[in-house]
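Note sheet for the following structure.
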Amino acid sequence: MLRIKELSADVRARIAAGQVIENPASVIKELVENALDAGAQTIDIMLEEGGTKRITVVDDGGGMYPDELPLAVAAHSTSKISSLDDLLSLGSFGFRGEALSSMATIAKIEIASRVASEKIGAQLIVSHGNLSSVSAIGMSVGTQISVTELFAQTPARRKFLKSDSTELKKNLGVLLPTFVSNAAIRFSVTHNTKNLFDLPAQKPAERIQSVLQIRQQLLFELAHSSDHYSISGYLGAPQLAHKGKHRQLLFVNGRPVQRPDLAAAIKEVYGTLLEPRTYPVFVLHLAIPSQMVDVNITPKKDTVSFINEKAVRVLVQDAVRGVLEREDLHYASHGTGVDSVLRDNTMEEITAQVLRADVDPWTVKDFSLKENAEILQVHNLYLIAQTSHGIVIIDQHAAHERILYQQFLEAFEAKKSQESQKFSKPIKVVLSKTEHMTLEEHHAVLAKMGFVLTFADTLITVKAAPKVFHGRNFEVLLQEFAADLLEDRPISELDSTTHRTLAFLACRTAIKAGEALSQDERRRLLEKLFSTKTQFTCPHGRPVYIDFEMQDLHRLFKRIL
Amino acid sequence: MRDFQTPMMQQYMDIKAQYPDCMLFFRLGDFYELFLDDAEVGARVLGITLTARPRGKDGHVPMAGVPFHAADSYLAKLVGAGYKVAICEQMSEPDKKGIVEREVIRIVTPGTVMSDASLHSRKNNYLCAISFGAKKVGCALADISTGSFFTCEIARDGWQKELDGILVTYEPREVLVSPTEYANYEIISTLSEYENCNVTVFHEWESATSDAKKQLTSFFKVTTLSGFGIENKVEAQRACSAILAYVSTTQKMDVQHLQAPHALSQAQAVILDRSTISNLELFSTIREGNKKGSLLDTIDATKSAVGARLLRRWLVEPLTQKKSIQQRLDAVDELASNQYLREELQQNLSRMYDIERILARFSVGLGVPPELIRLKHSLLEVLNCKLTLQKCSSPLLSEVMRHMPEDIEKLVKYLDDNLLEDPRVDVKKGGVIAAGVDVELDELRKLQSGDKAWLVEYEAAQRKKTGIITLKVKSNKVFGYYIEISKSYLAQVPKEYDRKQTLVNAERFITPELKEYEEKILTAEEQIEKIEVGLFATIVTTTMTYLAQLQEAATAAAQVDCLASFAQTAIEKRYCKPVVGLSDEIRITEGRHAVVESIHERGRFVPNDALLDGSEHQLLLITGPNMAGKSVYMRQVALIVLMAHMGSFVPARDAHISLVDRIFVRSGASDFITSGMSTFMVEMVEAASILNHATSKSLIIMDEIGRGTSTYDGISLAWAIAEFLVSDTKSRPKTLFATHYHELQQLEELFPKSIKNVHMAIDDTTEPPTFLHTVLAGGASHSFGVAVAKMAGVPAKVTLRAEHILIELEAQSVQGAQIGNVSPNKNASEATLLRELAAVNLNTLTPIEAFKTLEKLQKKLK
């Protein structure tokens, strides 16, 4: 165990990053990383009021000697590096020696620690920069830190703290990746008096299952390596993909990082296996020689850059592709286009029935004639019309489909908040802790929509739901709601199954490609289309029309350059 | 006794005379009635109305009744209050001439109840019989509701102490003794001290036990009792025989599900006595007697009733054999390290019903059809468990797996084929037997339902014939089938219609055809009932042929449940796998108190190491202030040792536990359950028991012995006891000895090869001093009693004065600290007292005066 010491001035200057502590989540992150760096096998996290009132982290790691305590809270002191060379071969989470000292200036910290060779621990209290003397305390081996009065003397910063539940969510956002990447470490999280997590030492797959509430059979193991890099972890089956991104976890050398570009690269490999606007589940660990990674980019240390970005990207994509191929998933590919919807008979019957009864589908042919400029139909597929600025080319099927979709959507929106209907047998759903908490928090919103839900320990019981949702897989539905809420979107957006059903209905009802339309019909279609809310893509994501302004035409004909 | 004239009351009195010690539940139609004195008791205990009904010539007779369909809960109340109840049913149909025949079909007593309303699903309900011989005492315990049965024999000499352990451990609800014993004051006063334990005199004791061996061999169909381990234990045999006789007397039948009695042997279980069980708070807390906060409550993660009951037994029957402990530990290890496996098993277990109690109810003829379906589902879960267990490699789990008989699959199939999935509770109402079982039954059912069509047709035909559109064919219980015609059509009614009833706006008629139809339906119903009752009886009989396998399956499931519970608790509470019996050493690293740690925040309980062995660390003398955690520390060591012997993981980072034969916990003055003895007397009785019984393999916890008497008495006794424990050459029990007599610390010097001083650390640089809850080597310097008083909010005036006195006293005792010539830290008043005593002239005092003087002196002392 390395002892804590002050960093030399030049090292300090190179790594200084300024303010590190912005909310309870950043406190927790630092404390938990310290505990991990101290070799803890067990880490207990106790929070009060989202961590704004109290954060306590108790570990059973190596602990500190009494004389180290004052140093621990002094600025730029760390046991983790001593020279700049160490920074390049960093194996620990912390390194700047800033975290505890920053906390010490903006909160009250009670820090108690005991090393195995001592029978008794030592305790130190730092209150907004003022140190108490070290005193004795009976305790187990390890370190126990409590942070209270966060920002008590800087009201301006305290004001930036959000509601307890929002802060709690941010805290869990920091903790969950840590839990996943440290499966062999025991963790517990208690909020106020409620036990949120109690994770024993587990195998990696068990841990993912416990933390993300994913069934074992839906996780595919991944292991791949190239010359310098190796990647391992788990991919979720395509059906696990949903609207939220909080089940995408990427670790570089054990450190959780945000790399949206790599997440996108992974999604790209999944390709057509996924529903539109859903994100695959993955938990991936990249092992890259530390000299080929730079972690010192942001103070939060939450992203990294690679010396060879492209190689990493290729490696990740190869690995993911390998697994999907191994699991024989690429053949099950179902696209998201019109054809696949037609082939896909997963329409929800009950929803469809309810909506059909409510929508009198607008048909092109019903409309009366109206004199105006001619609209051209080519190959009974595309319509071409002159606009004030140029011309527009329209896919007749896609356009009609779009219009109908909107009508079904409006009917659905109107329907879903009424006609709540009780189930004779309540449906029981188990979701991840985060999802569970989110839904519980927004219980009122769901109740307003007509859902009657009761929340028990890990179980959600659906006692009633709007008629349009009957016959659904509520696990998936609620997951999507939670994903919306987690990202602070209103639930009003469609869940994917409804979307699919609406799209199916619209598609089935719409005029087909290859159908000849009269001049009037063409006109009505266009008018309706341009008064529809979202007109640009069909429900399946293909474009409805392509607009050519005169400028574009001129450019095409090289009239202008 | 009052004479009665009416036949019913005469019948009542006849029956009552046969069951004088029972409350008689006398069936009258839909009620069970209590008469006379019974009625008064019943009204009081059950909170029902006492009425006095005129009964013909007999005048007013006190009476109280409960509806038969709710009888279970009333029975539970009466039995719970310790009463015995004889259930007297009507044995003939009431429509015959003369009085209905009645007979007692069952006697319900606290030790033989079978209904769920009276039983605790997670706890056994024991009936006990005690047989007193000249030299030996036999004791048998049976749980009729589950079938478990065991026995033991102890020496008559000191039987109270030995039996105490058994009665506290198994908490029988009813104890049978012979009429002779019932007249023995010593025995009855001892037995009556146990709460919730009813002493029953068994009048047929002599005949039941006269040829006990023969009774037992013939009941269990064996030729010798050697298999039960009681071949030469006459008193144990008699106790067992008494149980058998009592059970058949109360149940009015021989019960098949009672398992052969096995002998409890002290060599097979670590012995825990009353004070250990209560001080370690195994089942309930000392202060409030709550289950919550007990060890059982803390570690019980069992999912099934059978498992919960077995865990209770594992708790009080810790293993003594290294091999069997190791097997449990290995099984727990496997389940703890395999989350999926454990969760799968627990899911199976949680879906199981109480197999043992279902079987017991069928065995005494109380089972109903839905219970067989529950049995079937439970057996399926047993089979699922078996399947899951095949993935296990630890020897114990594999063995348990083998004890889940494959045969039960046949029974499952049989029940599945023969019973409807959702059968009626009352087989007499039909709707129990599956279709396809009995051809006749199927046809009758078809007839019953198929002929509804006949009715519709008949109705239509009659309408057409009469031209009455509103004509309806209906039925009710009183009139059977009839045709109803509203008043306005009366004129059109044909002649052959036979008028039966007139209503306000309609009249009801019957016809020969309808009568015939009715007959057919009724016959069909009767036949269906007869067939279903018959078939159900066969199904029950067939099921009971699997009795032995089913009981084996239940036991196996219970074992899996307990092991999985240990594993679950180990994971949740972060216990470690102890190494048991490797050396003669108890070495615990960072041990915790299983119960106390759970009231702390995670990770905040201060753990402590412990080392006890047969030599230099044989006795740890623990000093330190009150409140510093001495008691918690000692109990945590005892609990860890106990849990390790149960085969459970233990709350510690690492633990090496030597095998022990007994755990004694002698503690403070808070636990005097036994009435009539002073606190100090209890303390000494327990100390005596420890000193007389401890062996080198025992673990002793002595918490502040000598506290109940004066300081000098206390120090002297504690000193002598500690000395005895380390100097007896034959028995050198491992001992944790807490005392606040700091003088005892000198023992370490006197016995360096056996005694080590340790103390509870305290940081006295702070104000008030900080308790560190940490055990350190060496003795404590002072008790910090005054500091504790301050923390407790004692007024400053008092604590200041106390500090003053303390300093004075400590200064005085410096020269007197050597034991041997203990010069007490006298205070002035004591000195005065002594002077007064010396001045008394005994020659001039009458005995009364002498007594009064003594009383005066004593008063001053107090």
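In what follows, chains carry the letters A, B, and so on, assigned in the order in which the sequence lines appear, proteins first and then strands, with residues in each chain numbered from 1. Just so it is clear, the structure is predicted and the values come from calculations on it, not from any experiment.
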Quick one: pull up CD in A:Gln202 and OG in B:Ser337 and give me the separation to the nearest 0.5 Å. 12.0 Å

So does B:Phe771 have more than 12 non-hydrogen atoms from other groups sitting under 6.0 Å from CZ? yes

Nearest heavy-atom approach of B:Arg604 to A:Val58 is NE-CG2, 3.7 Å

What distance do B:Thr770 atom OG1 and A:Gln123 atom CD have between them, rounded to the nearest 0.5 Å? 8.5 Å

Determine, for A:Asp198 against B:Lys573, whether the closest basic-nitrogen to carboxylate-oxygen distance falls under 4.0 angstrom. no

Looking only at non-hydrogen atoms, find the nearest pair between A:Ile137 and B:Leu772 and report the distance. CA-CD2, 3.4 Å

Quick one: what part of B:Asn608 sits under 4.5 Å from any heavy atom of chain A, side chain, backbone, both or neither? neither

Which region of A:Asp60, side chain (C-beta onward) or backbone (N, CA, C, O), has a non-hydrogen atom less than 4.5 Å from a non-hydrogen atom of chain B, or is it both or neither? both

Going through the checks in order, is the salt bridge (Lys or Arg N to Asp or Glu O under 4.0 Å) test met by B:Arg342 and A:Glu206? CA-CA 12 Å; B:Arg342 186 176 70 245; A:Glu206 289 173 344; over 6 Å; no

Side chain, backbone, both or neither: which part of A:Gln41 has a heavy atom under 4.5 Å from chain B? neither

Which atoms of A:Ala205 are under 4.5 Å from chain B, going by heavy atoms: the side chain, the backbone, both sets, or neither? both

Should B:Asp763 and A:Ile120 be marked as a side-chain contact (heavy atoms from CB on, under 4.5 Å) after you check the CA-CA gap, both sets of side-chain angles, and the distance that decides it? CA-CA 10 Å; B:Asp763 178 5; A:Ile120 288 175; over 6 Å; no

A:Glu49: side chain to side chain donor-acceptor pair (under 3.5 Å) partners, not counting sequence neighbours: none

Regarding A:Lys119 and B:Asp609, does a basic nitrogen lie under 4.0 Å from an acidic carboxylate oxygen? yes

Taking it one step at a time, do A:Asp44 and B:Glu601 satisfy side-chain contact (heavy atoms from CB on, under 4.5 Å)? CA-CA 9 Å; A:Asp44 296 307; B:Glu601 263 187 355; over 6 Å; no

Counting only N and O atoms by type, is there a donor-acceptor contact under 3.5 Å from the side chain of A:Lys203 to the main-chain atoms of B:Gln339? no

Part of B:Arg653 within contact of chain A (heavy atom distance under 4.5 Å): side chain

Proximal component of B:Thr765, with respect to chain A [non-hydrogen, under 4.5 Å]: neither

Tell me, yes or no, whether the heavy-atom count around B:Arg328 atom CZ, taken from other residues, nucleotides or ligands under 6.0 Å, exceeds 12. yes

Can you see which heavy atom on A:Met46 is nearest to which on B:Arg602, and at what distance? CE-O, 3.6 Å

Can you tell which part of B:Glu590 gets under 4.5 Å to a heavy atom of chain A, answering side chain, backbone, both or neither? side chain

Which of residues 184-192 of chain A get closer than 4.5 angstrom to chain B, counting heavy atoms alone? A:Arg186, A:Phe187, A:Ser188

